[in-house]
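Heavy atoms only: backbone and side chains are in, while hydrogens, waters and symmetry mates are out. The structure presented is a predicted model; accordingly, all values stated were derived computationally and were not measured.
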Amino acid sequence: MRSYRALFRTPEFTPFLLSFAAFAAAQTIGGLALGTLVFRATGSPLLSAVSMFGPQLAQLLGAAFLLSGADRLPSRAILSGLALAFAGATVVLALPGLPVWAVFAVVVAQGLVASLGGGVRGGLLNEILSKDGYVLGRSVFNMLWGLTQVAGFATGGALLALLSPRTCLLLAAALYLVSALITRLSLTARPPRSSGRPSVSATWRTNALLWSSRPRRLTYLGLWVPNGLVVGSDSLYVSYAPGAAGTLYAFGALGMFLGDMAVGRLVPPAVRPRLAIPLRLLLAAPYLFFVLRPGVALSAVAVTVASVGFAASLVLQERLMSLTPDDLAGQALGLHATGMAAFQGVGAALAGTLAQLTSPATAMTLMAAASVTVTLTLAALDRHGKRQPADSGTRPGTAPEPAPTD
């Protein structure tokens, strides 16, 4: 499947995207409003960054206990329930006089609930699309995320100039409700992809299986760590340029959109695997420029160019799917999503701490340098691994047999 026309003729693909668009718009508008609210209340770059990206860090805990449900629970019910839970939590965040500790308690709860979302969406997309349409479909999914961020952050910035952060949070809650409604009314009720009862033991066992293969380990680390460190730089936009954070987030989302469009639609499949390392380096390198403390216009250019590099995730997700059995696709993608989200939360916390000790510009530069170092290290480990024999009991390019289910 190499055309958008064929892709959008696929049943349920369009409502799947619309449901996600509403959810993503709620996240961007709500996240910017919450980060602004916390920064105004505390003046702390660390607390502002963690308030926006804290749910991602909390997802790591959810992944450790809940992720087996990504393949063993019905997708439509989980996605509808997830949107409703986020709507309720966002209404709580909008309550006047809510103390900062309570804000972070709600943020942690959101992260725990969200830990199933990435795996359920990824597995459902894998079911809706044929194998040859996955990369193109995933690129459209990512492009939609980028466009929604552009619109969401631009709209959020404009709304914050006119309305209070709490009012913007209530608007985000309404968008979550729209997402739940579209999911419930437009998607088919599918049975779970895998048999067995969701449990902590099943989650741990399958996660251990997924992590047992060296090629998958390196793929996961490539998806998680360079991305998380750069998102740490992104989390400092509010403290780096308080009056233009929405602009920088919007330009970053634009760069993400352009990268996903180019890699998903224009780059031939045979060329894609060779782009994983260059794209990850591109993701970090422009942030080294922030050591010079550029103004908003130059910062927007740097952010746009860097964000093209987020398309590396398309290449690495395709590699991950080639290494994973179909009945574990949901949990494999869920582990990717929660691991990436957790590292983004860690990156935000680390960047916020560095900004407290130095300055936002210095912290952004240090995080970018760390991302470049990790990418080069993983590339060296991958080259070394290809010269070694395949994992015991595993044919090259394939995954081991799936673990027994409960």
(request) Any chance you could measure Trp211, atom CH2, to Thr206, atom OG1, to the nearest 0.5 Å? (result) 15.5 Å
(request) Rounded to the nearest 0.5 Å, what's the gap from CG on Leu187 to OG on Ser75? Could you check? (result) 9.0 Å
(request) List the steps and the verdict of side chain to side chain contact (heavy atoms under 4.5 Å, CB included) for Phe86 and Ser179. (result) CA-CA 10 Å; Phe86 263 74; Ser179 176; over 6 Å; no
Please set out all donor-acceptor pairs under 3.5 angstrom arising from side-chain atoms of residues 25-32, sequence neighbours excluded.
from: Thr28; atom 1: OG1; to: Ala24; atom 2: O; distance (Å): 3.2
from: Thr28; atom 1: OG1; to: Ala25; atom 2: O; distance (Å): 2.9

(message) Would the distance check show the side chain of Ser139 and the main-chain N or O of Leu136 forming a donor-acceptor pair, the cut-off being under 3.5 Å?
(response) yes
(request) Taking the side chain as every heavy atom from C-beta outward, state whether Ile277 and Thr375 have any atom pair closer than 4.5 Å. (result) yes
Tell me which donor-acceptor pairs under 3.5 Å the side chains of residues 282-294 have, and how far apart each pair is, sequence neighbours excluded?
from: Tyr287; atom 1: OH; to: Asp234; atom 2: OD1; distance (Å): 2.4
from: Tyr287; atom 1: OH; to: Tyr237; atom 2: OH; distance (Å): 2.6
from: Arg293; atom 1: NH1; to: Ser359; atom 2: OG; distance (Å): 3.4
from: Arg293; atom 1: NH2; to: Ser359; atom 2: OG; distance (Å): 3.2

(message) Would the distance check show the side chain of Thr148 and the main-chain N or O of Leu144 forming a donor-acceptor pair, the cut-off being under 3.5 Å?
(response) yes
(request) Measure the shortest side-chain to side-chain distance between Met340 and Val231 over non-hydrogen atoms and say whether it is less than 4.5 angstrom. (result) no
(message) Could you check whether any side-chain N or O of Glu12 sits under 3.5 Å from a backbone N or O of Thr188, counting only pairs where one atom can act as donor and the other as acceptor?
(response) yes
(message) Measuring only between side-chain heavy atoms, which start at C-beta, is Leu279 closer than 4.5 Å to Val263?
(response) yes
(request) Grab the two heavy atoms, one from Gly222 and one from Arg280, that are nearest each other, plus how far apart they are. (result) CA-NH1, 3.4 Å
(message) Could you walk me through whether Val107 and Leu34 satisfy the side chain to side chain contact (heavy atoms under 4.5 Å, CB included) test, starting with their C-alpha distance in whole Å, then the side-chain angles of each, then the deciding distance to 0.1 Å, before giving a yes or no?
(response) CA-CA 10 Å; Val107 162; Leu34 184 61; 3.9 Å; yes
(message) If I compare all heavy atoms of Arg319 with all of Pro273, which pair ends up nearest, and what's the gap?
(response) NH2-O, 4.2 Å
(message) What's the separation between atom CG in Asp382 and atom CG in Leu218, rounded to the nearest 0.5 Å?
(response) 5.5 Å
(message) Measuring only between side-chain heavy atoms, which start at C-beta, is Arg216 closer than 4.5 Å to Leu210?
(response) yes
(message) Just verifying a value: how many Å separate Asp260 CG and Phe310 CZ, rounded to the nearest 0.5 Å?
(response) 10.0 Å
(message) So Val301 and Phe251, do their side chains get closer than 4.5 Å, heavy atoms only?
(response) no
When the side chains of residues 161-177 are checked against the rest of the protein, which donor-acceptor pairs come out under 3.5 Å, sequence neighbours left out?
from: Ser164; atom 1: OG; to: Thr167; atom 2: N; distance (Å): 3.2
from: Ser164; atom 1: OG; to: Thr167; atom 2: OG1; distance (Å): 3.0
from: Arg166; atom 1: NE; to: Leu95; atom 2: O; distance (Å): 3.4

(message) Contact between Thr353 and Gln356 at the side-chain level, heavy atoms closer than 4.5 Å - yes or no?
(response) no
(request) Might you point out which heavy atoms bring Pro15 and Ile182 nearest each other, and give the distance in Å? (result) O-CG2, 3.7 Å
(message) Check whether Phe23 forms a cation-pi arrangement with Arg121 (NZ or CZ under 6.0 Å from the six-membered ring centre, at most 45° off the ring normal).
(response) yes
(request) Start with the C-alpha distance between Leu124 and Leu79, add both sets of side-chain angles, then the distance that settles side chain to side chain contact (heavy atoms under 4.5 Å, CB included), and finish with yes or no. (result) CA-CA 10 Å; Leu124 179 57; Leu79 292 179; 3.9 Å; yes
(request) Would you list the pairs meeting side-chain hydrogen bond (donor to acceptor under 3.5 Å, both in side chains) in which at least one residue belongs to residues 301-315, sequence neighbours left out? (result) none
(request) Using side chain to side chain contact (heavy atoms under 4.5 Å, CB included) as the criterion, list what pairs up with Arg184, not counting sequence neighbours. (result) Arg76, Ser80
(message) Please check: side-chain N/O of Thr365 versus main-chain N/O of Ala361, any donor-acceptor pairing under 3.5 Å?
(response) yes
(request) Check whether any side-chain heavy atom of Leu316 lies under 4.5 Å from a side-chain heavy atom of His336, and answer yes or no. (result) no
(message) On a heavy-atom basis, which atom in Ile128 and which in Pro11 lie closest, and how many Å separate them?
(response) CG2-O, 3.5 Å
(request) Could you list the residues that satisfy ring pair (Phe, Tyr, Trp, His ring centres under 6.0 Å) with Tyr220, not counting sequence neighbours? (result) Trp224
(message) Minimum heavy-atom separation for Ala355 and Leu236, please, with both atom names.
(response) CB-CD2, 3.9 Å
(request) Taking all heavy atoms of Leu314 and all of Gly264, pick out the closest pair and write down the distance. (result) CD1-N, 4.1 Å
(message) Could you check whether any side-chain N or O of Thr10 sits under 3.5 Å from a backbone N or O of Leu7, counting only pairs where one atom can act as donor and the other as acceptor?
(response) yes
(request) Check whether any side-chain heavy atom of Phe343 lies under 4.5 Å from a side-chain heavy atom of Leu223, and answer yes or no. (result) no
(message) Please check: side-chain N/O of Arg217 versus main-chain N/O of Ser212, any donor-acceptor pairing under 3.5 Å?
(response) yes
(request) With rounding to the nearest 0.5 Å, note down the distance linking CG in Leu159 to OG1 in Thr36. (result) 11.5 Å
(request) Kindly compute the distance separating CG (Leu221) from OG1 (Thr377), expressed to the nearest 0.5 Å. (result) 11.0 Å
